[in-house]
*Asks:* 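Encoded as C-alpha cells, here's the structure I'll be asking about.
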Amino acid sequence: MLRIGWVGCCALAVLVFSGAVRGAEDEVAAIPPGKNWRRFEILVWQFQTDVTKDKDLYEQANLHAFHIDRSNEGLEKFAKQTGWPFYVDHTADKGYLHLSNRADEVLRKKEILIRPNSLAEPATIAKLKSFIKQNVASAKNSSVLAYSLDDEISLGSFCSPAEVDGDPASVAGYRQALRAMYGTIQKLNQEYGTKYASFEVIQPLSFEHFRQQLEPAQLPALNLSQWCDWRGYMDTQFADCLAELTRYANTLDPKTPAGFVGGQSPNAWGGYDYRKLCKAVQWMEAYDIGGSNEILRSFWTQDRPHVQTFFSSKQPHQDAWFLWYYLCHGNRGVIAWPEGWFNSGKVAPHILANAATFAEVQGPLSEKIINGVFLSDPVAIYYSHPSIQVTWALDAACHKGTWPNRSSSMDNSLSTSNLTRIGWLKSLEDLGIQAKFIQQDDLLGGALTKHKTKVLILNRALCLSDEEAQAIRDFAAGGGTVIADHLCGICDAHGKMRPTGALDSLFQVEHDLAKGFLGGHTLTEVDGERGGSFSAKTWANEHANEDLGLLVYERGLKALPGGKAGQTSSSATVRVAAPHAVYLNLSPIAYLLQRSKQSGGPWIERLSEILKAAGVEPRLKLTENKQPGQELETIFWKNGASTTLCVIKNIERGATINSFGATAGDLGKEHTRLGLHFAQPVVNLINARTGKKLGDGQEFEDAFTPWEANVYTYEH
C-alpha cells in the first residue's frame, strides 16, 4: 500500500486490499525514462492510420513515434525494425480501470452502488494482472517507452458523480481505514455527530444524505466529514490499486515506467486526488484541466514523465504554439490524435505546415528542458484535496436534487477549485513568477524550509488539520509570508466546520459565516445552472462587493485588533494584513475574464506589492516591441552550470478531452521584438534555437515569433 493516508491520520493506515490486510509502504519508485526517451516525442495514436503503411507520410511530417493498443505483432515487429519508439495503451485492458460501456450503471444515481469490476475484489486485480503479463511480455525488450494501464481511468466515469464502491470488500476496507484514522468509535462519533456502536456497523453514505446542509443559513453548522472520509477512502483504494498494478508491471519489465493516460482534473470524484495518484504511478498523460500540468511538474521531478494530449486545431500557428508551450513546461511529449491527418496517400496540409516544428521540438533542443530541473521562484501554492472535496459540494448546491447530473465536462469548466487555481497561476505568471505546488506531505515534511520558500499561497484552503495549521504558523514565525484568498481554514481536515478558523490567529481575522458569501444568496462564485462553461453569464457576481476588480468573498469577515483592514468603496471589510500574513478575502477567478482584454491591472499591481514586500520579485521582465509584455511567460530550467530560459506566449486554453479546446488571448500574426530585462547580470546568453550570441549583461533584445518560443541558455 502507499503511504497516502488522510490528513491528520496516523502514519500507519491499515487497509483491506486484494483480500489481505497490509501496512503502508513507500510510494512507487520512479523508473527514469530510458535512452529512447531523452527527447520530446510526438506519439501518434493509431486512429485512421497504420504506421506500417503510412511510414513515408510520417517521415514527410517528421513524425517517428506511435502507440500500440494492448499488443500487436505487426506494430511490434515494425518497432524492432525501425527503432521507432512507442507506448502501450490498455496494458491492463479496457473496462476495468475505465468502466467503458458500463458507466451508465453508476451515473446519475443517488445511492451507494457496487462498482462493476470492483477494484476491491481479488478476482478483478488478478484479471488485470493477467492482461498486464500478456501485453508487457509482448512489448518489452524493444523501443517501448512506457506502459499505460488504461485510458481515461476512473472509479466511475471521468469525474462525474458516481457513488461507488459499495462492494462488501470495499466497505470492509473503509471500516478498517476509519479505525486506523480515529482509533476509537467515540472519536469518530464526535467528529461525525453520530452514535455508531462500533466500526463494524458503519456504512458509507452518499452525498444525497448530506446535501440538504448546503444552504447559506446552515453553513456555520456544515459537517461533511463522513462523506469526505468516504470519498477520501475511495481515492486511496484507487491509488493503491494503481500502485499494485504498477509494481507488478515493473516485475515484468523493470526498465520501463507504468502509469496511465487520459488523466482528469483534481476532483472529489473519480479517484483524482493528485497527492495520492502521483505516488502510485511512474508516468502520466493528464488533460491540462485545473492546473494538472503544473501540479504534475511540481509533485514530480523529470524522472517521472508527464505528457499532454494533442488534438490539432487545424490552425498551424495554434498547433505550433501548443507544442512549444507544453515542451517549455516540461512535458516529455504529446499523444497525438491524428483524425484527418493522413488521407488518400497524403499528409493533411495543416499538419504538413508544421513539419519543421515537429522536427525541432523533437530535436536535441528539447533535451535542455525535459532533462533539466525546473527552477521555480520561492513561492508555493498549497494543494489541499479535502478542500477540493468541500468545494465540489458547495459548487453542487445550486443543483439541489439534480446534483448527480453535474457531469465531469461541466465541472471541468465551472469548478471553483479549478478556476481559482488557474487564476492564481495566471496572475503569478503574468508577474513573471513561477510557483510550485506543495501538498500535505511536503508541508509537514519541512519542504518550505528546505526549498527556501518565501511565500505560501493558501488557494481556497478551506480544510486544514491542526498539524497543517501549526506548520503554516511555524513558517510565518520563521519569516515566511502566508497569503490566503478566502474561506481559509474554516473546516477541519475532514470537512467539518470549525468554531474558529484554523489560522484566524495568524491572519488576525474572525469569520461570521452566517452572513454568507458573495452576494448573500449563493455558496459558490460560478453557477452551473446557468450554463456549462465559465463566462460572465455563469459568474455569480450579482450584489457582491468588488475590490481590485475581484469579488469580495466573505460578507462577515472582520479584522481583529492585530490586523489591518482595507476597505472597498462600499465599506465592506476586505484584505486583512497582519505580520507575515495577508488575508485577501478575494477570489482570483475574475482575473480570468480580464487578462485577455489587458485589464486586471489593479489586482496584479497589488499582488506585486505583496510579493515584493515578502522579498519576491521576478528574475526577468519582458517587453514586446518596447511595450510591457502581455501574456508572456518565462520558464527556467537548470542543466548543470547552465540555465535554460523559455519565453512563450501565455494565452489561456480551456482544455477538453476530445478537442484542442477554446483559447482566450491573441497569438498575433506578426513577428515582434522581444526585450529581456534581467534582475541580475547573466553571462553568455545564447538563443539556443538560432545560435545567436547575445553576450553578457542585463538588457537584451531579440526577434520573437509569438506562436513559437524563444529558448536561451546562459550562465550566472
Side-chain angles (χ1 to χ4, degrees), residues 31-94 131-149 151 249-250 252-259 261 282-283 285 305 307 309-310 312 323 331-348 351-352 354-367 370-371:
I31 295 180
K35 62 181 181 180
N36 290 324
W37 211 355
R38 298 302 295 169
R39 295 179 179 179
F40 188 88
E41 293 290 349
I42 300 174
L43 296 148
V44 181
W45 226 81
Q46 296 301 280
F47 174 76
Q48 296 184 352
T49 179
D50 180 339
V51 69
T52 65
K53 299 176 182 177
D54 294 336
K55 181 175 182 288
D56 290 344
L57 302 183
Y58 279 53
E59 291 177 330
Q60 288 178 37
N62 291 317
L63 298 169
H64 56 258
F66 60 103
H67 111 292
I68 290 177
D69 192 359
R70 300 173 178 89
S71 60
N72 185 303
E73 185 177 347
L75 290 174
E76 289 157 3
K77 181 179 179 181
F78 174 84
K80 290 178 180 178
Q81 290 173 341
T82 62
W84 283 19
F86 66 94
Y87 83 96
V88 178
D89 202 358
H90 302 124
T91 307
D93 209 74
K94 189 171 184 177
F131 293 129
I132 293 170
K133 183 177 182 180
Q134 175 183 337
N135 293 324
V136 169
S138 183
K140 72 176 184 179
N141 299 321
S142 66
S143 52
V144 59
L145 301 181
Y147 299 107
S148 166
L149 298 171
D151 184 8
N250 293 166
L252 303 170
D253 183 354
K255 297 180 180 180
T256 307
V261 298
Q282 297 157 328
W283 81 288
E285 178 219 45
V307 305
T309 316
F310 175 41
S312 173
L323 294 169
N331 287 259
R332 196 167 282 270
V334 296
I335 296 175
W337 182 252
E339 187 171 7
W341 285 25
F342 309 105
N343 290 305
S344 303
K346 295 181 180 180
V347 182
I351 297 301
L352 200 57
N354 269 322
T357 297
F358 292 164
E360 190 174 9
V361 297
Q362 295 179 103
L365 177 67
S366 66
E367 296 184 45
I370 64 174
N371 299 317

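The basis for the numbers below is simple: all heavy atoms, side chains too, and nothing from hydrogens, waters or symmetry mates. The shown structure was predicted, so the numbers you read here are calculated from the model rather than taken from an experiment.
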*Asks:* Nearest 0.5 Å, what's the OH-CD1 distance between Tyr87 and Ile68?
*Replies:* 11.0 Å
*Asks:* Report yes if some heavy atom in the side chain of Ile132 is under 4.5 Å from a heavy atom in the side chain of Tyr147; otherwise report no.
*Replies:* no
*Asks:* With no hydrogens and no angle check, just 3.5 Å: does a side-chain donor-acceptor pair link Asn135 and Thr91?
*Replies:* no
*Asks:* Return the CG to CG distance between Asp93 and Leu149, rounded to the nearest 0.5 Å.
*Replies:* 11.5 Å
*Asks:* What is the minimum heavy-atom distance between Leu43 and Phe66, and which atoms define it?
*Replies:* CD2-O, 3.4 Å
*Asks:* With a 4.5 Å limit on heavy-atom distance, are the side chains of Val144 and Phe86 in contact?
*Replies:* yes
*Asks:* Could you tell me if the side chain of Ser148 sits less than 4.5 Å from the side chain of Glu285, heavy atoms only?
*Replies:* no
*Asks:* So, taking the atom named CG in Leu352 and the one named CD in Gln60, what distance separates them when rounded to the nearest 0.5 Å?
*Replies:* 6.5 Å
*Asks:* How are the rings of Phe310 and Trp341 set relative to one another: parallel (under 30°), tilted (30 to 60°) or perpendicular (over 60°)?
*Replies:* perpendicular
*Asks:* In Å and rounded to the nearest 0.5 Å, what is the CG to OG1 distance from Asn331 to Thr309?
*Replies:* 9.5 Å
*Asks:* Which pair of heavy atoms, one from Lys140 and one from Asp253, lies closest together, and at what distance?
*Replies:* CB-OD2, 3.4 Å
*Asks:* Ring-plane angle category for His90 and Trp45, please: parallel below 30°, perpendicular beyond 60°, tilted otherwise.
*Replies:* perpendicular
*Asks:* Looking at Val88 and Arg70, what are the two nearest heavy atoms and their distance?
*Replies:* CG1-O, 3.2 Å
*Asks:* Which atoms form the tightest heavy-atom contact between Arg38 and Asn371, and what is the distance?
*Replies:* O-ND2, 3.0 Å
*Asks:* I'd like to check Phe342 versus Ile351 (side-chain heavy atoms, cut-off strictly below 4.5 Å). Are they in contact?
*Replies:* no
*Asks:* So do the side chains of Leu365 and Glu360 get within less than 4.5 Å of each other, counting heavy atoms only?
*Replies:* yes
*Asks:* Can you tell if the side chain of Leu75 reaches within under 4.5 Å of the side chain of Thr52, non-hydrogen atoms only?
*Replies:* yes
*Asks:* Short question: side chain of Gln48, backbone of Gly340 - any donor-acceptor pair under 3.5 Å?
*Replies:* yes
*Asks:* Hey, does the side chain of Trp283 reach the backbone of Ala146 with a donor-acceptor pair shorter than 3.5 angstrom?
*Replies:* no
*Asks:* Could you pull out the closest heavy-atom pair between Ala356 and Asn62, with the gap in Å?
*Replies:* N-ND2, 4.2 Å
*Asks:* Does a donor on one side chain sit under 3.5 Å from an acceptor on the other, for Glu76 and Ser138?
*Replies:* yes
*Asks:* Is Tyr58 close to Thr49 at the side-chain level, that is, under 4.5 Å between some pair of heavy atoms?
*Replies:* yes
*Asks:* Using 4.0 Å as the upper bound for N to carboxylate O, is an ion pair formed by Lys55 and Glu59?
*Replies:* yes
*Asks:* What is the distance from atom NE2 of His67 to atom CG of Asn72, rounded to the nearest 0.5 Å?
*Replies:* 9.5 Å
*Asks:* side-chain contact (heavy atoms from CB on, under 4.5 Å) for Gln362 and Ile42? Distances and angles first, verdict last.
*Replies:* CA-CA 7 Å; Gln362 295 179 103; Ile42 300 174; 3.7 Å; yes
*Asks:* Mind checking the CG-CD spacing from Leu63 to Glu41? Nearest 0.5 Å is all I need.
*Replies:* 10.5 Å
*Asks:* Which atom names give the shortest non-hydrogen contact between Gln282 and Ile31, and what distance separates them?
*Replies:* NE2-CG1, 3.5 Å
